[in-house]
There are 2 protein chains.
Amino acid sequence: MSEQKSWTLKSIAKELGISNATVSNAFNRPDQLSKKRREEILESCQKLGYSGPNKAAQSLRKGQSNIVALVLPDSVEYMISDPVASDFVKGVSSVLEKSNVNLLLFSGASENINAVSDFVDGFICYGSPRNPNLVEQLRTTAKKVVTADFDIDRKASVGIDNEQAAYDISKLAIKSKNDDIAILGLRLLDSNLTCRVYELPDDEGTPSIAHKRLAGYQKAIKEHGAELRNDRIWNIPKSSHEVALIAAREALTSTPRPNVILCMSDLIALAVLQEICAMGLNVPNDIRVVGFDGIDEASRSTPPLTTVHQNSEEKGNMAAELFINRATNAVVIPYHIEIGHTVNSN
Amino acid sequence: MSEQKSWTLKSIAKELGISNATVSNAFNRPDQLSKKRREEILESCQKLGYSGPNKAAQSLRKGQSNIVALVLPDSVEYMISDPVASDFVKGVSSVLEKSNVNLLLFSGASENINAVSDFVDGFICYGSPRNPNLVEQLRTTAKKVVTADFDIDRKASVGIDNEQAAYDISKLAIKSKNDDIAILGLRLLDSNLTCRVYELPDDEGTPSIAHKRLAGYQKAIKEHGAELRNDRIWNIPKSSHEVALIAAREALTSTPRPNVILCMSDLIALAVLQEICAMGLNVPNDIRVVGFDGIDEASRSTPPLTTVHQNSEEKGNMAAELFINRATNAVVIPYHIEIGHTVNSN
DNA sequence: CTGTTAGCGCTTTCAT
DNA sequence: ATGAAAGCGCTAACAG
């Protein structure tokens with residue numbers, strides 16, 4: 001059973017006494033030879049233990065591999081346990097599997113897409129990669145690119161209307177012009193620091209997702225006639241419970257203590273909730289909190305979080321479909337506000 | 001900035017007026033030319049927008065790609081949200097990233113490893129793939145193979161001593177020769193059915209992980225002088241809450257009702273716990289339950305589950321290291337019994 | 001329907 | 001230190 005001879009298209013053709021083009025055609029272009037002939041050849045190959053043209057050579061020749069790189073925001077190790085990212089991967093892979101396309105996980109912390117670029121048919125990027133050089137490389141690559149939750153020039157993309165969603169949720173959280181509002185932002189700065197954002201860098205190019213959300217918050221704040229002090233915005237560099245806790249603590253121990261906290265992710269909001277609870281304060285009476293994402297855990301927290309729910313798996317499906325259809329348009333998918341008990345208790 | 005000309009080693013060599021061997025050496029074999037010369041060349045390449053040898057061609061030529069396929073037990077879509085599988089992936093990727101090796105996720109439900117075999121340096125397999133043909137293909141491939149939580153002939157492997165662990169945990173659960181024991185097995189049969197296992201197929205070849213655990217259970221049962229009726233073993237085809245619930249219900253509604261339930265995964269045990277609770281019964285007073293795996297959720301359940309804890313991330317690390325070191329040995333890693341309140345209430 | 005052949009882009013002897 | 005040339009295994013014109 002364990003056939004050791006390793007055949008090539010050429011050697012198998014010689015063995016069968018036919019030309020290699022015929023063997024190639026038998027495997028790749030059924031219309032180029034009679035059905036009967038084809039089946040004979042395929043059967044002989046199987047019998048001899050030749051499992052078809054070498055894919056690496058085929059890919060070199062055809063420039064197509066049926067592999068797509070999924071570029072994660074950060075290292076695989078880090079992202080694989082993030083519920084939002086996992087859902088996205090799930091969505092992508094479920095669509096790709098149907099088309100027999102395989103998925104290469106690629107870290108957003110990598111130095112260079114070149115390591116895999118020649119192997120894949122293109123890139124699906126979930127969120128802005130931690131290494132900003134990758135964005136530049138993705139912008140200039142000749143391969144297909146689809147982005148989700150961020151944009152690159154004229155590449156296909158999928159995501160929700162972040163500004164509108166942020167506006168909607170903060171509209172709910174803010175109740176009076178006297179509210180003291182704090183914003184816990186996710187990657188507002190291009191920095192690893194967990195710190196206050198006194199002034200924002202001028203937004204060159206496409207605004208990031210964080211900036212869009214911020215714009216939505218600010219619009220709602222203005223409409224309420226409330227004010228956002230310039231020491232009330234925090235930058236959280238990555239989606240991690242530990243880091244979020246640090247920022248939460250900093251915000252909650254600032255004086256005067258804010259009574260509305262707008263969080264750019266549920267993970268952050270959950271950390272805030274935990275910290276508020278530890279301080280013996282009450283949500284929503286003392287402090288109102290809203291999140292962003294709508295992860296399962298947010299609905300199971302006490303109190304359940306009021307947040308923007310977006311369907312990450314569906315987003316993954318969409319991204320994969322855009323990729324397969326070689327689309328170049330920007331798709332905006334719906335979101336909904338999930339009413340918990342962190343704004344109104346009833 | 002967006003250099004459109006796409007260079008090849010040949011064309012860039014001509015442009016620079018040097019031989020292509022020299023360019024190749026500049027990139028791959030620093031010892032073959034003077035440091036100064038090399039740096040000049042590299043700099044010129046960068047300036048012209050040539051980012052180095054095409055990896056696909058390089059891989060065809062060298063037979064090495066720095067990509068490894070991670071073969072999951074089932075579809076990516078399905079496995080990515082499984083906490084145990086995710087931890088394993090995390091462990092694998094954290095080690096591989098350090099060696100600049102990329103990870104291709106491969107579904108255990110695929111038809112054929114050929115789809116990716118020629119692209120990768122080998123396979124790391126987590127658990128027995130759902131499609132048994134893959135096992136045969138992995139057995140005969142010339143590529144490197146490392147398995148985790150199951151074995152293939154003489155391939156490197158990593159895992160715990162499943163029989164001993166099953167023995168240890170069931171030794172704890174069983175208390176008298178009169179105990180009425182049920183076993184909820186995971187993939188005891190090569191079938192998609194959730195059903196009782198009246199008789200086990202003769203174990204040809206290497207016993208599966210499920211069979212090893214079963215052997216451990218049986219040994220403990222025998223030592224206690226208890227009996228395992230032949231209608232007391234269930235087969236659960238896949239690790240899913242829904243399917244586990246069905247089996248749990250079937251076991252718990254059988255007459256007489258078993259008072260000890262040995263589960264081959266925590267997911268199953270949690271479903272059992274949920275069902276017992278729904279029936280208004282008490283754990284451990286009415287029924288004792290033990291699991292297998294030690295997922296986080298098991299320690300947070302009420303009551304917390306008594307189970308075998310194995311470190312999946314560490315297992316992933318180990319698998320990746322075995323792969324990189326081209327090992328061929330079987331590594332047995334430690335486990336520990338996690339004492340919850342599903343055997344004794346105190 | 002079949003065979004011949006020129007590459008895809010690269011690495012690696014071997015000779016210079 | 002460098003250049004010429006033979007492939008790695010395959011596909012797609014093209015000619016028959």
Taking heavy atoms of chain A and a 4.0 Å limit, find me the 5'-most and 3'-most nucleotide of DNA chain D within that range.
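First-to-last contact on DNA chain D, by the 4.0 Å heavy-atom rule, is dG9(D) to dA12(D).
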Under 4.0 Å from any atom of DNA chain D, heavy atoms only: list the residues of residues 17-26 of chain B that qualify, in numerical order.
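DNA chain D contact set from residues 17-26 of chain B: Ile18(B), Ser19(B), Ala21(B), Thr22(B).
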Ignoring hydrogens and angles, write down the donor-acceptor pairs under 3.5 Å from the side chains of residues 313-321 of chain A, residues two or more places apart or on other chains.
unit_1	atom_1	unit_2	atom_2	d
Lys315(A)	NZ	Asp149(A)	OD1	2.9
Lys315(A)	NZ	Asp149(A)	OD2	2.8
Lys315(A)	NZ	Gln310(A)	OE1	2.7
Asn317(A)	OD1	Ser94(A)	OG	3.3

Partners meeting ring pair (Phe, Tyr, Trp, His ring centres under 6.0 Å) with Phe106(A) (sequence neighbours left out)
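In terms of ring pair (Phe, Tyr, Trp, His ring centres under 6.0 Å), with neighbours along the sequence ignored, Phe106(A) is linked to no residue.
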Considering residues at least two apart in sequence or located in another chain, which fulfil the ring pair (Phe, Tyr, Trp, His ring centres under 6.0 Å) criterion with Tyr50(A)?
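Applying ring pair (Phe, Tyr, Trp, His ring centres under 6.0 Å) to Tyr50(A) gives Phe27(A).
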State which residues pass salt bridge (charged side-chain N to carboxylate O under 4.0 Å, His left out) with [X]; sequence neighbours excluded, sorted by chain then number.
X         : value
Asp87(A)  : none
Asp121(A) : none
Arg130(A) : Asp74(A)
Lys98(A)  : none

So how far off straight is the helix from dC1(C)-dG16(D) to dT16(C)-dA1(D), going by the axes through five pairs at either end, to 10°?
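That helix gives 40° between its end axes.
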Review item, nucleotides 14-16 of chain C N/O atoms under 3.5 Å of protein N/O:
none

Considering residues at least two apart in sequence or located in another chain, which fulfil the side-chain contact (heavy atoms from CB on, under 4.5 Å) criterion with Ile152(A)?
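Partners of Ile152(A) under the side-chain contact (heavy atoms from CB on, under 4.5 Å) test: Val135(A), Leu138(A), Arg139(A), Thr147(A), Phe150(A), Lys155(A).
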DNA chain D: 5'-proximal contact among Asp31(B) and Arg61(B) (nearest heavy atom):
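It is Asp31(B), whose closest nucleotide lies nearer the 5' terminus.
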